[in-house]
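Bear in mind that the values here come from a model prediction, so they are computed numbers and not experimental data. Proteins come first, then strands; the chains are lettered A, B, ... in the order of their sequence lines, and each starts at number 1.
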Protein chains: 2
Amino acid sequence: METRQRTDQQRSADYRRRELLEAADRVVLRDGPGASMNAIAAEAGITKPILYRHFGDKGGLYAALAQRHTDALLASLRAALDAPADRRERVESTLDAYLAAIEARPQVYRFLMHPAEGGSQSEQGFDTGRHSIPLLRRMGEELAQVVEERVDLGPDSHRLARVWGHGIVGMMHAAGDWWLGEQPCSRAELVRSLADLLWGRLAAAGNRAGGPGF
Amino acid sequence: METRQRTDQQRSADYRRRELLEAADRVVLRDGPGASMNAIAAEAGITKPILYRHFGDKGGLYAALAQRHTDALLASLRAALDAPADRRERVESTLDAYLAAIEARPQVYRFLMHPAEGGSQSEQGFDTGRHSIPLLRRMGEELAQVVEERVDLGPDSHRLARVWGHGIVGMMHAAGDWWLGEQPCSRAELVRSLADLLWGRLAAAGNRAGGPGF
DNA sequence: CACTTTGGTTACCGCAAGTAACATGCTGGC
DNA sequence: GCCAGCATGTTACTTGCGGTAACCAAAGTG
């Protein structure tokens, strides 16, 4: 039967694809984002052209690889965002979810965000930019949507929510990146500090004695 | 005289270096960050090994190139940060300075921040990551310093200022990047929205009717 | 048995980073 | 005036990557 056969083939192709992605994952996590297609193919026990048959080009592989992690991360953020609690708590748990994720698997994080620095040698880099930014964008849009649909921002709420979504995500990202690199404090402290910032503590704080004020 | 000669040579070397950087600048701005060393050398009217003698490797050239722009940007931010006005105004004018800079020369901006996507073809990319992030870090540290020295944050002010510095810079960066790509509103609107966010409007806003609250 | 399809390989191209070895011209000391 | 030395520049190479073409074999189907 022809359709049955098609299905089998399809399933098998998908299976192979998943195997390849897992191999790629292992290599990228081991060698950093500078991992070469050759290395990935070798890890998967095959040779380059097969990879290209499956993913088109390196960007394709990267995209497929990134999407798995991205989806997982977004899911956990969504969960935190949708928890039944007040706004401050939700914000904190979302920040915490993000930071926990990048703390738990820094290699994955670095791969997703800064694809091109990890490799020990030639730094040919992955396709970068074109894919790392989309993750931030996706998170920003996602957050914007949640904000817009839950917070009353008056007229112009669409634009405002968007700006805030991307802004908050950027804040989280940059602070997280810095924190991950220098481990200057506990995760909880970081979460609290960021939430305080979003809660207007910068505006509320007084000027330091002796200066013209910030 | 020997020292005199040294000086002459030194001056001449510095001059050459500047010429090379200017040529590199032109090429990068024209061809995007994927510009090859060959192309840069050609633009400068010389050949590759000379570039390598001056800058070591591609990363070195990148670093030198980036520093010029970075320094200029930081100077303008510092000016805004130090203007005699109240805190809110300073924050707004700093945001505005940053956004104005990236709006005025998006090519430079993309080169500094996302070095590896602009090239029209092969996307070999510049050295990326290792250099683009430092700019954000520098801005974050700089801001942290200003905050710490001007705002009274009670005990733990060092840590808090740092977190906020990097967080605010990240917010500015991500929002700016998104805004630059989609031009969804005027610069002034964006500045206002971000300042509002920092001023705690997210915490102050009410819940939207019909939802469990954000 | 020929015959297409599917999953595989080897061997290659093009190109960019980076280097080695060679050429040339200006310096100053003898 | 002539040779040593050094900066400046060149050509020609190596290596390693992304990507592709062409070939190969096994397995089901008329």
Open item on the list: In whole Å, I'd like the distance from the CG atom of N38(A) to the P atom of dA11(C).
Closed with: 14 Å

Open item on the list: Just the rounded figure in Å: distance from P of dG18(C) to NE2 of H54(B).
Closed with: 16 Å

Task: Gap between atoms CG and C1', on L51(B) and dG18(C) respectively (whole Å) - done: 12 Å

Task: Side-chain ion pair, D96(A) and R192(A), N-O less than 4.0 Å - done: no

Open item on the list: Can you tell whether the side chains of R138(B) and E141(B) come within less than 4.0 Å, N to carboxylate O?
Closed with: no

TODO: Take atom CZ of R17(A) and atom C1' of dG7(C), then tell me their distance rounded to the nearest Å.
DONE: 16 Å

Open item on the list: Counting the benzene-type ring for Trp, do F55(A) and Y62(A) have ring centres under 6.0 Å apart?
Closed with: no

- [ ] May I ask you to test the L202(A)-I168(B) pair for a side-chain heavy-atom distance under 4.5 Å?
- [x] yes

Task: SB check D156(A) R162(A) (cutoff 4.0 Å) - done: no

Open item on the list: Taking atom CZ as the centre, does R105(A) end up with more than 12 heavy-atom neighbours from other residues, nucleotides or ligands that are less than 6.0 angstrom away?
Closed with: no

Open item on the list: Is the shortest side-chain heavy-atom distance between D25(B) and E43(B) below 4.5 Å?
Closed with: no

Dump the pairs, protein N or O against N or O of nucleotides 10-12 of chain D, anything under 3.5 Å, distances to one decimal.
from	atom 1	to	atom 2	distance (Å)
dT10(D)	OP2	T47(B)	N	3.0
dT10(D)	OP2	T47(B)	OG1	2.4

Open item on the list: Less than 4.5 Å apart, side chain to side chain, heavy atoms only: is that true for L160(B) and W164(B)?
Closed with: yes

Open item on the list: Taking only side-chain N and O atoms of R16(B), does any of them lie within less than 4.0 angstrom of OP1 or OP2 on dA7(D)?
Closed with: no

Task: Spacing between F55(B) atom CZ and dT19(C) atom P, to the nearest angstrom - done: 16 Å

- [ ] Side chain of D57(A) only, please: which of dA16(C), dG19(D), dT19(C) is the nearest?
- [x] dG19(D)

- [ ] Grab the two heavy atoms, one from Y52(A) and one from K58(A), that are nearest each other, plus how far apart they are.
- [x] CE2-N, 4.4 Å

Open item on the list: To the nearest 10°, give me the bend of the helix from dC1(C)-dG30(D) to dC30(C)-dG1(D), comparing the axes of its five terminal pairs at either end.
Closed with: 30°

Task: Rounded distance in Å - OH (Y52(A)) to C1' (dC13(C)) - done: 13 Å

